Amino acid sequence: QCLVVTRHQMLEIQKRDIETVCGQFVIEPELPTNPQQLKEFIKRYDAVIGVFPVQLQLQILQSGKAVVVFIMTSLGVTNTEEEAKKMASQYPDRTAILAPSKEGEKYRVVLYQGLKLVKDIKVIDEWLIQH
């Protein structure tokens, strides 16, 4: 069973892809930020699916769970819903229109390209200044 983390309405193609990969899935709007609570929260799932910053992906991997990410590409931003729908019409059933969440923001149009399994994350660092 997979945990899907999203605040947005998923596209039908996304749901079908998740069912292909996972069979059953549960949707939650967010994950706990505390690492210990996160580990407990995801314990009963085989994989966690969503769009996550690298640090969170690393924490999920360290908990022994698979990380699967939605690959979404921006098609652009626009001022009106009508323009956003026109932009989205290029790729029927694979685009999402994200409405402005605050006054003054624009409509964003994103294209769903598929799911990727995150196999490994390497952090390679070097001292710039050491005291």
Side-chain angles (χ1 to χ4, degrees):
Q1 182 166 318
C2 295
L3 173 62
V4 178
V5 182
T6 182
R7 291 188 185 115
H8 302 290
Q9 181 71 33
M10 284 195 301
L11 302 168
E12 286 305 314
I13 191 170
Q14 287 175 302
K15 291 178 187 173
R16 286 194 306 271
D17 287 353
I18 293 167
E19 287 170 351
T20 299
V21 171
C22 299
Q24 295 182 312
F25 63 93
V26 173
I27 300 173
E28 290 287 342
E30 58 190 34
L31 291 171
T33 53
N34 175 293
Q36 202 53 44
Q37 289 174 334
L38 172 68
K39 195 172 188 172
E40 187 63 32
F41 192 79
I42 65 175
K43 187 164 61 175
R44 64 180 219 225
Y45 301 102
D46 300 314
V48 183
I49 301 173
V51 176
F52 310 111
V54 172
Q55 183 60 38
L56 185 52
Q57 291 179 32
L58 189 57
Q59 288 178 333
I60 296 167
L61 285 173
Q62 288 171 337
S63 296
K65 303 301 175 182
V67 175
V68 178
V69 292
F70 291 116
I71 303 302
M72 308 293 284
T73 304
S74 175
L75 291 180
V77 294
T78 181
N79 290 315
T80 68
E81 187 175 7
E82 185 179 307
E83 289 171 354
K85 285 180 179 177
K86 184 177 178 186
M87 198 181 295
S89 70
Q90 301 172 71
Y91 303 94
D93 306 323
R94 288 187 42 218
T95 51
I97 297 172
L98 307 177
S101 55
K102 293 184 225 153
E103 186 70 34
E105 289 185 350
K106 297 179 182 259
Y107 285 86
R108 294 185 302 141
V109 182
V110 293
L111 173 65
Y112 171 65
Q113 294 190 297
L115 298 173
K116 278 192 178 179
L117 174 65
V118 176
K119 291 187 163 204
D120 191 21
I121 297 173
K122 292 182 182 179
V123 178
I124 300 170
D125 62 6
E126 64 180 45
W127 286 100
L128 292 177
I129 300 173
Q130 181 180 10
H131 297 281

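Hydrogens, waters and symmetry mates are skipped; everything else that's a heavy atom, side chains included, is used. Treat the numbers as computed from the prediction; the structure is a model and nothing was measured.
Here the CD1 atom belonging to Ile97 is positioned 6.5 Å from the CD atom belonging to Glu81, to the nearest 0.5 angstrom. Rounding to the nearest 0.5 Å gives a distance of 11.5 Å between CD1 of Ile71 and CG of Leu111. To the nearest 0.5 angstrom, Thr95 atom OG1 is 9.0 Å from Met72 atom CE. Atom CG of Leu58 sits about 9.5 Å away from atom CG of Asp120, to the nearest 0.5 Å.
Other residues, nucleotides and ligands contribute only 12 or fewer heavy atoms inside 6.0 Å of the NZ atom of Lys116. In this structure, Gln130 places its CD atom where more than 12 heavy-atom neighbours from other residues, nucleotides or ligands lie under 6.0 Å away. Annotation: Asn34, atom CG; neighbour count of heavy atoms from other residues, nucleotides and ligands within 6.0 Å is above 12.
Hydrophobic clustering of Ile, Leu, Val, Met, Phe, Trp and Tyr side chains at less than 4.5 Å, counting indirect connections, keeps Val4 apart from Leu31. Ile121 and Ile42 fall within a single hydrophobic cluster, where Ile, Leu, Val, Met, Phe, Trp and Tyr side chains are chained together by heavy-atom contacts under 4.5 Å. Under the 4.5 Å side-chain heavy-atom criterion for ILVMFWY residues, no single connected hydrophobic cluster contains both Leu3 and Ile49. Note on Leu11: it clusters hydrophobically with Phe25, by side-chain heavy-atom contacts below 4.5 Å among ILVMFWY residues. In the hydrophobic clustering of ILVMFWY residues, with side-chain heavy atoms under 4.5 Å counting as a link, Val5 and Val69 come out together.
In terms of modelled atom types and a separation under 3.5 Å, the side chain of Gln24 and the main chain of Gln1 share no donor-acceptor contact. Side-chain atoms of Lys65 come within 3.5 Å of backbone atoms of Tyr45 as a donor-acceptor pair (strictly under, hydrogens ignored). Although no hydrogens or angles enter the test, the distance criterion places a donor-acceptor pair under 3.5 Å between the side chain of Arg94 and the main chain of Tyr112. Panel note: side chain Gln14, backbone Met10; no donor-acceptor pair is recorded below 3.5 Å.
Annotation for Tyr107 and Ala99: closest pair CD2-CA, 3.8 Å, computed over non-hydrogen atoms. Contact between Leu61 and Val118 at its shortest, heavy atoms only, is CD2-O, 3.8 Å. For the residue pair Pro29 and Arg7, the shortest heavy atom distance occurs at O-CG, 3.4 Å. Of all non-hydrogen atoms in Leu115 and Phe70, the two that sit nearest each other are CD2-CD2, 3.5 Å. Nearest heavy-atom pair, Leu75 versus Tyr91, reported as atom, atom and distance to 0.1 Å: CD1-CD1, 3.8 Å. Contact record, Thr78 with Ala84: CG2-N, 3.4 Å, taken as the closest heavy-atom pair.
Classification of Lys85 and Glu82 as a salt-bridged pair fails, no side-chain N sitting under 4.0 Å from a carboxylate O. Using a 4.0 Å cut-off between a side-chain N of Lys or Arg and a carboxylate O of Asp or Glu, Lys43 and Glu40 qualify as a salt bridge.
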Please step through side chain to side chain contact (heavy atoms under 4.5 Å, CB included) for the pair Leu56 and Leu38, ending with a clear verdict. CA-CA 10 Å; Leu56 185 52; Leu38 172 68; 3.7 Å; yes

